[in-house]
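Below: one structure, written as structure tokens.
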Amino acid sequence: MIIKITPQTLDGTIHVPASKSMTHRELIASALAKGSSTLRNVTMSKDIEATIRILRQFGAVIDVEKGEKETLIHVTGGLKKQEGTIIADAGESGSTLRFLIPIGIYSGNRVQWTGHGRLSERPLTPYYDLFDEKGIAYQAESGGLPLTVEGKWEGGLFELPGNVSSQFFTGILFILPLLAGGSALESTTEVESEGYINMTIDTMRKRNIALTLRRAGHYEVFGPQEYEAADTAVEGDYSQAAFWLAAGLSGGTVKLTGLTRNSRQGDRAILDILIRMNAFLAFEHDDIIAVESQTEGTVIDARDCPDLVPVLAALASVSKGKTEIVNAARVRLKESDRLHAMAVELNKIGAKVEETKDGLIIEGVPALTGGTVSSWNDHRIAMALAAISPRCKDSLIIEGAEVVAKSYPGFWDDFASISRIPPEVIKE
Ligand SMILES: O=C(O)C1=C[C@@H](OP(=O)(O)O)[C@@H](O)[C@H](O)C1
Ligand SMILES: C=C(OP(=O)(O)O)C(=O)O
């Protein structure tokens with residue numbers, strides 16, 4: 001789909017969709033629990049559909065109730081061994097794949113994991129090394145997907161590198177309390193994206209699982225324990241909120257509702273970073289208002305907030321002075337090489353962006369030219385470019401705009417709701 005955006009001030013209120021990361025976690029904890037759980041304030045997306053699809057194949061009973069004002073998900077937990085091999089399609093969701101591979105093994109099923117887009121190129125080596133050590137049988141086509149796995153976990157010491165993806169830690173943490181005897185999960189390197197591991201720990205503790213956080217990357221869990229069913233509301237997604245904050249700061253007044261101020265989400269770091277960039281943000285209880293500001297460049301350490309890199313690079317391109325994004329090498333391993341994609345697309349429309357090995361150096365310019373850009377089949381690239389459209393002289397045409405459905409299917413409707421001239425679909 002190709003979308004044409006007319007540069008304009010963006011004014012209005014956006015109810016931020018539910019956190020994709022939290023929704024994955026609550027679905028998994030509910031599927032592992034005995035009894036029925038209800039998740040409230042859910043936002044459906046392709047990634048969440050992938051997790052639901054596979055948890056159903058593992059035996060959980062999941063019902064999505066789309067209401068007038070709210071979508072609920074009802075989950076009756078319990079995993080079952082199925083006949084034959086389960087073909088588990090994770091779509092393009094790295095979270096779904098890395099979170100559910102250990103659970104597939106725990107369920108006793110033989111599972112063939114498949115995926116689409118760049119998922120097959122995203123790293124799984126930390127799991128292959130663990131499987132070799134634990135005697136789990138697996139077969140990976142040229143190192144990627146389809147990946148067939150079958151085996152049995154036993155409690156004990158689990159070691160993983162913390163600088164490839166925190167998602168491997170989440171996947172293993174979820175199954176440790178289910179194993180008899182004590183287990184420990186140790187990082188063999190510095191831990192990155194630690195906030196996401198803490199979100200997992202919070203979810204587990206809310207389900208009455210006891211675990212000890214010795215220090216970053218070092219966790220101890222006794223077993224077996226039982227996850228408790230729960231009735232829980234999913235809070236607003238700071239990774240998605242970041243696009244609307246940047247849109248307001250670029251040109252307009254955008255109010256965000258649905259967020260939780262004292263959230264433990266790693267991407268809540270967007271608030272501190274924007275304030276450091278001289279952004280004008282007003283706070284009304286949990287709501288945030290972003291007002292057009294002359295933002296200023298700064299140094300941004302992306303180690304624990306990788307998903308913010310596209311939108312911060314976009315905003316930095318029209319901020320005064322120099323911005324340096326560092327510790328972002330892992331961002332090359334997402335749905336696209338996000339460092340390269342943002343450098344190429346922003347430079348196409350008049351920005352001054354230089355790629356480094358692990359980040360970007362950006363010299364702000366007063367305005368961008370506008371023109372045609374690509375999403376690189378990456379939802380966050382598409383949304384980041386849309387967010388700074390108010391600073392383009394001419395129309396911004398985004399190719400591959402449909403990709404927002406991976407995490408935020410309603411993004412273009414929300415964008416239209418704060419526009420005088422709504423985005424125009426110039427090609428389906
Ligand atoms: O655990 C999670 O929910 C996520 C972890 C992050 O990945 P990394 O830990 O690989 O940075 C992030 O990029 C992803 O969007 C969601
Ligand atoms: C990288 C992302 O998600 P995942 O790793 O789940 O594909 C994302 O949402 O930006």
Side-chain angles (χ1 to χ4, degrees), residues 17-29 43 45-51 54 90-101 115-127 145 160-174 187 189-204 216-217 234 237-243 263-267 269 301-312 327-338 341-342 358 375-384 403-408 411:
S19 164
K20 168 165 75 79
S21 292
M22 292 188 80
T23 305
H24 282 303
R25 285 161 172 78
E26 292 297 344
L27 280 167
I28 291 167
T43 300
S45 64
K46 284 190 172 179
D47 283 8
I48 296 304
E49 285 166 4
T51 292
I54 296 170
E92 296 189 53
S93 175
S95 297
T96 302
L97 183 66
R98 278 90 169 256
F99 293 177
L100 295 184
I101 284 176
H116 303 277
R118 212 168 174 247
L119 192 60
S120 188
E121 300 161 46
R122 295 175 66 182
L124 284 171
T125 312
Y127 275 165
L145 301 178
L160 286 167
N163 58 1
V164 179
S165 174
S166 69
Q167 295 170 348
F168 300 109
F169 282 76
T170 289
I172 294 297
L173 274 173
F174 266 125
S187 180
T189 70
E190 284 285 295
V191 170
E192 302 188 5
S193 279
E194 189 193 359
Y196 286 104
I197 300 174
N198 292 340
M199 281 173 74
T200 303
I201 291 171
D202 290 350
T203 304
M204 293 170 71
V234 183
D237 191 324
Y238 272 92
S239 313
Q240 310 298 37
F243 300 113
S263 169
R264 293 255 285 172
Q265 293 175 51
D267 284 357
D301 182 343
R303 173 193 148 113
D304 291 327
C305 54
D307 291 355
L308 295 178
V309 166
V311 68
L312 286 170
N327 291 331
R330 286 182 306 112
V331 163
R332 294 184 186 280
L333 306 172
K334 305 287 181 186
E335 293 87 325
S336 68
D337 172 341
R338 289 176 168 168
M342 286 311 291
D358 79 332
S375 71
W376 288 62
N377 192 41
D378 187 327
H379 55 132
R380 297 202 192 277
I381 304 296
M383 294 189 278
V403 74
V404 301
K406 181 176 193 281
S407 67
Y408 195 162
F411 177 81

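Atoms within a ligand are numbered from 1 in the order they appear, just like the ligands themselves.
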Task: No-hydrogen, no-angle side-chain donor-acceptor test under 3.5 Å, Ser45 and Asp47 - done: no
Open item on the list: Using a 4.0 Å cutoff against the non-hydrogen atoms of Phe99, which atoms of ligand 1 qualify?
Closed with: 1 (O), 2 (C), 3 (O)
Open item on the list: Test of understanding: given a 4.0 Å heavy-atom threshold, classify the contact between Ser193 and ligand 1 as side chain, backbone, both, or neither.
Closed with: side chain
TODO: Can you pull out the closest protein heavy atom to atom 11 (O) of ligand 1? Residue, atom name and distance to 0.1 Å, please.
DONE: Arg330 NH1, 2.6 Å
- [ ] Record the part of Pro306 in heavy-atom contact with ligand 1 below 4.0 Å; permitted values are side chain, backbone, both and neither.
- [x] side chain
Open item on the list: Check this for me - ligand 1, Ser166, N or O atoms closer than 3.5 angstrom, yes or no?
Closed with: yes
Open item on the list: Between Asp307 and Arg380, does any NZ, NE, NH1 or NH2 come within less than 4.0 Å of an OD or OE carboxylate oxygen?
Closed with: yes
TODO: Please examine the side chains of Ser165 and Arg122, heavy atoms only from C-beta on, and report whether any two atoms are closer than 4.5 Å.
DONE: no
Task: All side chain to side chain donor-acceptor pair (under 3.5 Å) counterparts of Glu26, not counting sequence neighbours - done: Lys206, Arg207
- [ ] Determine whether the side chain, the backbone, both or neither of Arg25 has a heavy atom under 4.0 Å from any heavy atom of ligand 1.
- [x] side chain
Task: Protein residues having a heavy atom less than 4.0 Å from any atom of ligand 2 - done: Lys20, Glu92, Ser93, Gly94, Ser95, Arg122, Gln167, Asp307, Lys334, Glu335, Arg338, His379, Arg380, Lys406
Open item on the list: Looking at ligand 1, is there an atom of it that comes within less than 4.0 Å of some heavy atom belonging to His24?
Closed with: no
Open item on the list: Between Gln265 and Ser21, is there a side-chain donor-acceptor contact under 3.5 Å, judged purely by atom types and distance?
Closed with: no
Open item on the list: Residue-level breakdown please: for Phe169 versus ligand 1, do any non-hydrogen atoms fall below 4.0 Å on the side chain, on the backbone, on both, or on neither?
Closed with: neither
Task: Residues forming a side chain to side chain donor-acceptor pair (under 3.5 Å) with Thr96, sequence neighbours excluded - done: Thr51, Ser93
Task: Those residues that, when tested against Asp301, pass side chain to side chain donor-acceptor pair (under 3.5 Å) (two or more places apart) - done: Asn327
- [ ] Could you tell me if any non-hydrogen atom of Thr170 lies under 4.0 Å from any atom of ligand 1?
- [x] no
Open item on the list: Side chains of Ser193 and Arg330: any donor to acceptor distance under 3.5 Å?
Closed with: yes
Open item on the list: Below a 4.0 angstrom heavy-atom separation, can you tell me which part of Lys334, side chain or backbone, both or neither, approaches ligand 1?
Closed with: side chain
TODO: State, yes or no, whether a side-chain contact exists between Leu124 and Leu97 at a heavy-atom distance under 4.5 Å.
DONE: yes
Open item on the list: If the cut-off is 4.0 Å to any non-hydrogen atom of Gln167, which atoms of ligand 1 fall inside it?
Closed with: 1 (O), 4 (C), 5 (C), 6 (C), 7 (O), 9 (O), 14 (C), 16 (C)
TODO: Indicate yes or no for a side-chain donor-acceptor contact from Ser166 to the backbone of Glu192 under 3.5 Å, with no hydrogens or angles considered.
DONE: no
- [ ] Heavy-atom distances under 4.0 Å are what count here, so tell me which part of Glu192 touches ligand 1: side chain, backbone, both or neither.
- [x] neither
Task: Within-cut-off N or O pair, Asp307 and ligand 1, under 3.5 Å - done: yes
